[in-house]
2 protein chains.
Amino acid sequence: MTFSERIGQLDAKDHAPLYRQLQKVLRDAIANHILGPDDALPAERDFAEELGVSRITVRKALDGLVSEGLLVRRQGAGTFVAARVEKNFSKLSSFTEDMIARGRIPHSAWLSRTEGLVTPEESLTLGLSPGAPVYRFNRIRFADGAPMALEYSTLAAFCMPSPEFVETSLYEALEKTGHRPVRALQRLRAVLFTDEQAELLGVAPRDAGLLIERRGFLKDGRAVEVTQSYYRGDAYDFVAELNAL
Amino acid sequence: MTFSERIGQLDAKDHAPLYRQLQKVLRDAIANHILGPDDALPAERDFAEELGVSRITVRKALDGLVSEGLLVRRQGAGTFVAARVEKNFSKLSSFTEDMIARGRIPHSAWLSRTEGLVTPEESLTLGLSPGAPVYRFNRIRFADGAPMALEYSTLAAFCMPSPEFVETSLYEALEKTGHRPVRALQRLRAVLFTDEQAELLGVAPRDAGLLIERRGFLKDGRAVEVTQSYYRGDAYDFVAELNAL
DNA sequence: CATATTGGTATCTAAATGGTCTCAAGACAC
DNA sequence: GTGTCTTGAGACCATTTAGATACCAATATG
């Protein structure tokens with residue numbers, strides 16, 4: 001069984017560009033579980049020959065799906081259907097560490113990085129006195145170039161000299177100053193993205209997402225971090241292993 | 001019976017690299033308890049010969065699984081399936097018990113309660129032989145009279161005499177027959193409700209929900225239960241306490 | 001203790017694969 | 001016409017995969 005028999009054919013009568021037709025075929029195949037996570041696509045050259053189109057066309061089609069986060073390319077290895085990111089809900093880890101552990105390349109785009117004063121609400125959850133200084137970090141998180149999550153963090157200012165101290169990983173920065181949380185409370189719920197959020201993440205408006213609110217605590221029990229993360233529902237799985245008592 | 005007959009074969013037609021195919025085969029075998037803790041793998045040289053690949057390829061596959069903690073190597077001795085590390089992060093409880101613990105009153109409305117045969121997909125996750133009988137339970141779960149979740153459960157038939165044995169709580173019924181799961185794997189993701197689901201739960205169509213898929217295992221490692229629960233995103237929070245390792 | 005077996009490591013080769021580039025032809029909108 | 005988009009052909013590079021072979025180090029066995 002050839003690959004194109006599995007996923008469907010291109011239609012010569014269709015007037016849409018070839019690469020868009022191919023994208024549609026692949027998108028459908030992934031949506032209908034004809035292609036599963038980590039399934040390998042044929043090599044670009046083989047794929048092109050099989051479809052009777054040029055490699056350029058195949059690449060152009062794949063380019064789009066890669067930037068959507070549907071496919072993952074590895075030079076020298078091949079192109080694969082992106083596995084949903086499986087985040088372990090039982091382990092305290094940061095986005096950066098998580099992605100690296102999965103062989104994906106994380107990066108962030110800053111929305112803002114500011115100093116400010118605690119809001120009354122934050123002063124309760126962080127246990128700070130009113131008027132205490134905090135740092136705020138808002139950013140978009142990417143994996144292999146595809147947006148995965150929006151992250152809004154508030155940090156007690158005592159744990160680092162300035163907001164610019166955070167280069168990429170929040171937890172890495174906290175590690176350096178010896179203020180990395182060792183315990184956290186997490187709450188998780190399903191939400192609908194607002195239009196603005198959907199736009200930032202490149203998903204459809206009113207798509208489903210996961211809101212995870214985390215409060216991180218130091219060894220001595222002080223709260224140091226409050227983070228609200230909005231994860232793409234179509235790209236994220238949370239996995240937990242449970243045990244009876 | 002050769003080892004590769006136990007765990008499955010590699011597929012020449014698959015475009016994925018050989019070592020990844022082998023990883024997948026082994027991962028599945030471990031997940032489905034075809035390979036249990038401390039089971040020995042063939043020696044690398046033998047394994048390579050049996051599979052018709054080079055030792056390098058076998059080693060590369062094992063390298064990955066070892067770094068994931070699924071396998072353990074002992075030089076001069078062999079490679080073994082890692083004994084599972086038991087961690088008590090959360091408590092394995094049922095909807096009924098959960099609601100009672102929160103001071104709410106649970107009840108259910110049956111959508112269906114039937115006997116049937118395993119689907120091929122279920123036979124993999126439940127580790128049943130094809131054609132084995134199962135019970136299916138579909139219902140709406142309420143708390144204080146308000147619909148909270150849709151629950152689709154499949155149970156291996158050996159764990160109770162008939163589907164009618166389940167009155168309200170699935171886990172209570174399993175407790176009685178001594179087949180209550182002691183361990184579970186849960187995965188959780190955000191989804192959009194279908195119109196039908198939204199109607200059943202009394203929420204707006206295309207509202208956000210949480211899909212929780214749970215596989216429950218007995219003490220002896222047999223899988224006994226697969227449940228997919230769709231929780232209302234606006235009414236359900238999941239809370240977890242995490243600890244750094 | 002000796003020996004065989006096992007995993008651990010290293011070096012080399014070859015092939016396959018994505019990444020990138022140049023050059024060009026045709027369709028279409030402005 | 002002019003520019004843009006699409007598609008094609010071909011070349012070359014860096015990386016990954018896979019294999020062959022040899023030898024070392026730890027362990028099991030007798």
Side-chain angles (χ1 to χ4, degrees), chain A residues 2-4 9-26 38-83 102-105 143-146, chain B residues 3-4 9-26 38-82:
Chain A
T2 69
F3 193 79
S4 40
Q9 310 281 335
L10 302 187
D11 180 6
K13 287 188 296 266
D14 193 334
H15 288 272
L18 287 173
Y19 78 97
R20 286 197 177 273
Q21 290 185 43
L22 179 51
Q23 286 182 338
K24 178 166 167 43
V25 166
L26 286 170
D38 282 328
D39 275 3
L41 269 60
E44 291 176 357
R45 290 166 181 83
D46 297 345
F47 206 4
E49 189 180 356
E50 193 179 316
L51 296 166
V53 301
S54 78
R55 187 179 165 211
I56 304 243
T57 307
V58 171
R59 274 191 70 79
K60 179 126 190 184
L62 301 190
D63 282 346
L65 298 177
V66 167
S67 66
E68 283 176 34
L70 242 52
L71 298 180
V72 176
R73 280 207 265 231
R74 296 196 351 252
Q75 183 173 167
T79 305
F80 305 85
V81 177
R102 287 177 166 71
R104 305 191 66 168
I105 299 170
D144 291 339
Chain B
F3 193 77
S4 43
Q9 310 280 336
L10 303 186
D11 179 6
K13 284 191 299 265
D14 195 334
H15 292 96
L18 288 172
Y19 80 98
R20 291 192 138 214
Q21 291 186 42
L22 179 52
Q23 286 182 339
K24 179 166 165 46
V25 166
L26 287 170
D38 289 328
D39 276 3
L41 270 60
E44 291 176 358
R45 289 169 181 81
D46 298 345
F47 205 4
E49 189 180 357
E50 192 179 319
L51 295 167
V53 301
S54 78
R55 187 182 163 211
I56 306 235
T57 305
V58 171
R59 275 191 68 80
K60 178 123 192 187
L62 300 190
D63 282 347
L65 299 176
V66 166
S67 69
E68 283 176 34
L70 242 52
L71 298 179
V72 176
R73 280 207 266 230
R74 299 213 317 270
Q75 185 172 168
T79 305
F80 306 86
V81 177

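We name chains A, B, ... by the order of the sequence lines, and we start the count at 1 in each one. No experiment lies behind these values; they were computed from the predicted model shown.
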Is there any protein nitrogen or oxygen under 3.5 Å from a nitrogen or oxygen in nucleotides 3-6 of chain C, and what are the pairs?
{"from": "C:dT6", "atom 1": "O2", "to": "B:G76", "atom 2": "N", "distance (Å)": "3.3"}

Can you give me the N/O atom pairs linking the protein to nucleotides 23-30 of chain C at distances under 3.5 Å, or say none if there are none?
none

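One interatomic measurement links the two molecules: CZ of B:R55 to C1' of C:dG8, which rounds to 7 Å at whole-angstrom precision. Atom-to-atom, CG of B:L62 to C1' of C:dG8 comes out at 13 Å; the value is rounded to the nearest Å. Protein atom CG of A:L41 is 9 Å distant from nucleotide atom P of C:dG18, rounded to whole Å.
Nearest heavy atoms, B:A61 versus B:L22: CB-CD2, 3.7 Å. Summarising the geometry of B:H15 relative to A:A40, their closest heavy-atom pair is C-CB, 3.7 Å, with the distance given to 0.1 Å.
With sequence neighbours excluded, no residue satisfies side chain to side chain donor-acceptor pair (under 3.5 Å) with A:T79. Residues forming a side chain to side chain contact (heavy atoms under 4.5 Å, CB included) with A:V81 (at least two apart in sequence, or on another chain): A:I30, A:L35, A:D39, A:L41, A:L71. In this structure A:Q75 satisfies the side chain to side chain contact (heavy atoms under 4.5 Å, CB included) test with no other residue, sequence neighbours excluded. Here B:Q21 pairs with B:L10, B:D11, B:D14, B:A16, B:L18 under the side chain to side chain contact (heavy atoms under 4.5 Å, CB included) rule; sequence neighbours left out. Residues forming a side chain to side chain donor-acceptor pair (under 3.5 Å) with A:R55 (at least two apart in sequence, or on another chain): A:E44. In this structure, A:S67 has no side chain to side chain donor-acceptor pair (under 3.5 Å) partners at least two apart in sequence or on a different chain. Under the side chain to side chain contact (heavy atoms under 4.5 Å, CB included) criterion, A:D38 pairs with A:A83, B:R20, not counting sequence neighbours. Annotation: side chain to side chain donor-acceptor pair (under 3.5 Å) contacts of B:D63 (sequence neighbours excluded): B:R73.
Bounding nucleotides for the chain A contact on DNA chain D, 5' to 3', at a heavy-atom distance below 4.0 Å, are D:dT6 to D:dT17.
For the helix from C:dC1-D:dG30 to C:dC30-D:dG1, the angle separating the two terminal helix axes comes to 30°, with each axis derived from five pairs and the value rounded to 10°.
Side-chain contact between B:L65 and B:L26 is present, with at least one heavy-atom pair separated by less than 4.5 Å. Using a 4.5 Å cut-off on side-chain heavy atoms (C-beta onward), A:D46 and A:F3 make no contact.
At least one donor-acceptor pair under 3.5 Å links the side chain of A:E50 to the backbone N or O of A:S4.
Residue A:R59 has a polar side-chain atom (N or O) positioned under 4.0 Å from OP1 or OP2 of C:dG19.
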